[in-house]
Participant: 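My structure is below; once you've seen it, I'll send some questions.
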There are 2 protein chains.
Amino acid sequence: MKKTVFVFSALIIALLILFRLSRYSYLSNDISVELTIGSIAVIFFFVGIYINKKTLHKEKPSHTQIDHKKIEQLGISKREYEVLVYISKGLSNKEIADALFVSESTIKTHVSNLLVKLDAQRRTQAIKKAKELQILGH
Amino acid sequence: MKKTVFVFSALIIALLILFRLSRYSYLSNDISVELTIGSIAVIFFFVGIYINKKTLHKEKPSHTQIDHKKIEQLGISKREYEVLVYISKGLSNKEIADALFVSESTIKTHVSNLLVKLDAQRRTQAIKKAKELQILGH
DNA sequence: TCTGGACTCATACTAAAGTACCAATTTTGT
DNA sequence: ACAAAATTGGTACTTTAGTATGAGTCCAGA
């Protein structure tokens, strides 16, 4: 946040300086006018690059965006999705059952349904497919 | 590549137009000069963002780099690593055995050794840990 | 040449995982 | 309020996974 303020301050100062320069320019010759414009173009070009780099850095975790629409399309319920997340974390059925305060039987049912919906034969395959379908973060 | 040519062509045209505008501007009033500079700033700002976005897009695959040093440190052999990759692809021991032309017993041995080396209790947990350790691509 | 590491495989278990079926609640949308 | 979907859970079984142990082969380095 502090950097953003600094960058925008520098931008405004640069603009003011360039305005001054442009004002002087048409009192002298034509070449400096084009130089001014060129400078502005170059400066803002790199400013654009800089700003974008900062923005994309914070977008990185958004690369791990989950496609909620696809979850619906596959008919995966909230509870089933919770189980899927735990599976991808490497938990056993018993551990998931304890985490969700239900019986292992229930988890087995959820897992079985998940495998059908994800068209997988194993939970490891379910993890891979779920990540490919963007319904699980990488 | 075609897009790059198009973008740069558009840039040059924009520059020429702005040069024309600036030439007329100091024949009339001061306000249009600043408008011109502002336009150039805005245009090149977004051009910078656009160019940068294209560049960063091609950096993405480098994010999926595997740490070979860490594989050594954990004492994971080539064969074991091969098995690990297949596990992460969701294959069963039997399927891995067929893919590597060895018996299922052999794969079980490799998997057992892998779980110890990765300090995991299950193959799903091994996948998670391997990805965290950057020895498997996301 | 000898040795340790890597790879292979087998047997015999134990423990998870997964399937199939059924059934009782609970939630939710109309 | 009612039907449909979701959640829960049980039993009984089959199939994978994983452990433990032992052992034979092969290869590169001291």
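Each chain gets a letter, A, B and so on, in the order the sequences are listed, and its residues count up from 1. Quick note: numbers below take in every heavy atom, side chains included, and nothing from hydrogens, waters or symmetry partners. What you see is a predicted model; the values in this text were computed from it and never measured.
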Participant: So what does B/Ser77 hit on the nucleic acid, given a heavy-atom distance under 4.0 Å: a base, only sugar-phosphate, or nothing?
Facilitator: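 The answer is sugar-phosphate, as B/Ser77 gets under 4.0 Å only of primed atoms, P, OP1 or OP2.
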Participant: Starting at atom CD of B/Glu72, determine the distance to atom C1' of C/dG5, rounded to an integer number of angstrom.
Facilitator: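 It works out to 14 Å between those atoms.
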Participant: Closest to the B/His110 side chain: C/dC7, C/dC9, C/dT19?
Facilitator: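 So the side chain of B/His110 is nearest to C/dC7.
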Participant: Could you work out which one of D/dT11, D/dA17, C/dC9 sits closest to the side chain of A/Arg122?
Facilitator: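 When the side chain of A/Arg122 is considered, D/dA17 is the closest of D/dT11, D/dA17, C/dC9.
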Participant: On DNA chain C, nearest-nucleotide positions of B/Lys117 versus B/Thr124: which is more 5'?
Facilitator: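 Checking each residue's closest nucleotide, the 5'-ward one belongs to B/Lys117.
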Participant: Could you check whether any side-chain N or O of B/Lys117 sits under 3.5 Å from a backbone N or O of B/Gly75, counting only pairs where one atom can act as donor and the other as acceptor?
Facilitator: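 Yes: the side chain of B/Lys117 pairs with the backbone of B/Gly75.
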Participant: Looking only at side-chain N and O atoms, does A/Thr106 come under 4.0 Å of OP1 or OP2 in D/dT7?
Facilitator: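 No, no such contact exists.
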Participant: When the distance from CG of A/Leu100 to C1' of D/dA6 is rounded to whole Å, what number comes out?
Facilitator: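 In whole Å, D/dA6 C1' and A/Leu100 CG are 15 Å from each other.
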Participant: Rounded to whole Å, please give me the gap between CG in B/Asn113 and C1' in C/dG5.
Facilitator: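 Spelled out: CG on B/Asn113 to C1' on C/dG5 is 12 Å.
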Participant: Find the distance B/Ile107:CD1 to C/dC9:P and express it as a whole number of Å.
Facilitator: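 Roughly 9 Å, once rounded to whole Å.
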Participant: Give one of base, sugar-phosphate or nothing for A/Ser112, where a contact means two heavy atoms less than 4.0 Å apart.
Facilitator: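 Base contact.
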Participant: Whole-Å distance between D/dT15 C1' and B/Glu95 CD?
Facilitator: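 So the CD-C1' distance, B/Glu95 to D/dT15, works out to 13 Å.
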Participant: In whole angstroms, how far is the C1' atom of D/dT16 from the OH atom of B/Tyr86?
Facilitator: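 So the two atoms are 20 Å apart, to the nearest Å.
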Participant: With side-chain contact (heavy atoms from CB on, under 4.5 Å) as the test, pick out the partner of A/Glu95 among A/Asn93, A/Leu91, A/Asp98.
Facilitator: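 The option that passes is A/Leu91.
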Participant: As a test of reading the structure: which of D/dG9, C/dC9, D/dT7 is closest to the side chain of B/Val102, going by heavy atoms?
Facilitator: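 Looking only at heavy atoms from C-beta outward on B/Val102, the closest nucleotide is C/dC9.
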Participant: Among B/Glu80, B/Arg79, B/Lys78, whose side-chain contact (heavy atoms from CB on, under 4.5 Å) with B/Ile76 holds?
Facilitator: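 It is B/Glu80; the other options fail the test.
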Participant: Under 3.5 Å, is there a donor-acceptor pair between the B/Ser112 and B/Thr109 side chains?
Facilitator: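 The answer is no; no qualifying pair exists.
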Participant: If only side-chain N and O atoms of A/Asn93 are considered, is one of them under 4.0 Å from the OP1 or OP2 phosphate oxygen of C/dA17?
Facilitator: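 Answer is yes, contact under 4.0 Å.
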Participant: At 4.0 Å (heavy atoms only), tell me whether A/Ser92 reaches a base, stays on the sugar-phosphate, or touches nothing.
Facilitator: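 Sugar-phosphate, no base atom in range.
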Participant: When you get a sec, tell me which of C/dA6, C/dG18, D/dA6 is the closest nucleotide to the side chain of A/Lys78?
Facilitator: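 Looking only at heavy atoms from C-beta outward on A/Lys78, the closest nucleotide is D/dA6.
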Participant: Please tell me which of the listed nucleotides, C/dT11, D/dG10, D/dA17, lies nearest to the side chain of B/Lys108?
Facilitator: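 The nucleotide sitting nearest to the side chain is D/dA17.
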Participant: Measure from CD on B/Gln125 to P on C/dA17 and round the result to the nearest Å.
Facilitator: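 Computing the B/Gln125:CD to C/dA17:P distance gives 11 Å.
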Participant: How close or far is atom P of C/dT8 from atom CD of B/Glu104, stated in whole angstroms?
Facilitator: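 Checked: the CD to P distance equals 14 Å.
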Participant: Given C/dC9, is OP1 or OP2 found less than 4.0 Å from the side-chain N or O atoms of B/Ser105?
Facilitator: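 Result: no.
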Participant: State whether the side chain of B/Arg122 and the backbone N or O of A/Gly90 hold a donor-acceptor pair below 3.5 Å, judged by distance alone.
Facilitator: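 Yes.
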